[in-house]
Amino acid sequence: MHLLHFPLVVIRVAFPSILSASLLLKHYHGGHVVIRLALGGCTNRPFYRIVAAYNKRARDSKHIEQLGSFDPLPNLYNEKLVSLNFQRIKYWIACGAHPTKPVAKLLEACRVLPLHPMTVTKAERFRKTAAQKEALGAPEEGSEEASESKPETA
């Protein structure tokens, strides 16, 4: 540490510690990299970009790289559009990036990540309840008793 004496002023200069600390803090962002959805679009018309970003940053703020896009509203053909850059997603996952739950579900549906066992269980549960509703709902609609109980108007 050096002391410089000027009239009525003493200035302390610590060259190595201040410079090295500021350089380290400048490049240190803290946390880790995540693959998440960044909201875009306008009111009642959401559109998401799939991005790699630091987890400490805000949802829609600066990101490292855009990896794809997701349009959650169905189009004319009742399709929700997803575009992904598989190579870059695999690269970021290999570097240690953590996908968030919504992105993980999209990647599981696209077979980039293996399916979570609970996803399979939920799908089986939904199929079973849909089949039960169909079985209970079909006789009521096409049965003769239902048509006889309705009064016919002529």
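Note that this is a predicted model, so its numbers are computed, not measured.
A search for side-chain contact (heavy atoms from CB on, under 4.5 Å) contacts involving Asn75 returns Tyr77, Glu79, Leu81, not counting sequence neighbours.
No continuous path of ILVMFWY side-chain contacts below 4.5 Å connects Phe70 to Val51, so the two sit in separate hydrophobic clusters.
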Name each donor-acceptor pair under 3.5 Å that joins a side chain in residues 85-97 to protein atoms two or more places apart or in another chain, with its distance.
unit_1 : atom_1 : unit_2 : atom_2 : d
Arg88  : NE     : Glu65  : OE1    : 3.3
Arg88  : NE     : Glu65  : OE2    : 2.9
Arg88  : NH2    : Glu65  : OE1    : 3.0
Trp92  : NE1    : Glu65  : OE1    : 2.7

For a quick test of your reading: what N or O donor-acceptor pairs under 3.5 Å do the side chains of residues 36-50 make, sequence neighbours left out?
unit_1 : atom_1 : unit_2 : atom_2 : d
Arg36  : NH2    : Tyr54  : O      : 3.3
Arg36  : NH2    : Arg57  : O      : 3.1
Arg36  : NH2    : Ala58  : O      : 3.1
Arg45  : NH1    : Asp71  : OD1    : 3.0
Arg45  : NH2    : Asp71  : OD2    : 3.3

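For the atom pair Leu113 CG and Glu108 CD, the distance stands at 6.0 Å (nearest 0.5 Å). Note that CG of Leu106 and OG1 of Thr100 are 8.5 Å apart. Values are rounded to the nearest 0.5 Å.
For the pair Val34/His32, a side-chain contact is recorded, criterion being any heavy-atom separation below 4.5 Å from C-beta on. A 4.5 Å side-chain heavy-atom check between Val33 and Ile64 finds at least one atom pair inside the cut-off. With a 4.5 Å cut-off on side-chain heavy atoms, Leu84 and Leu107 count as touching.
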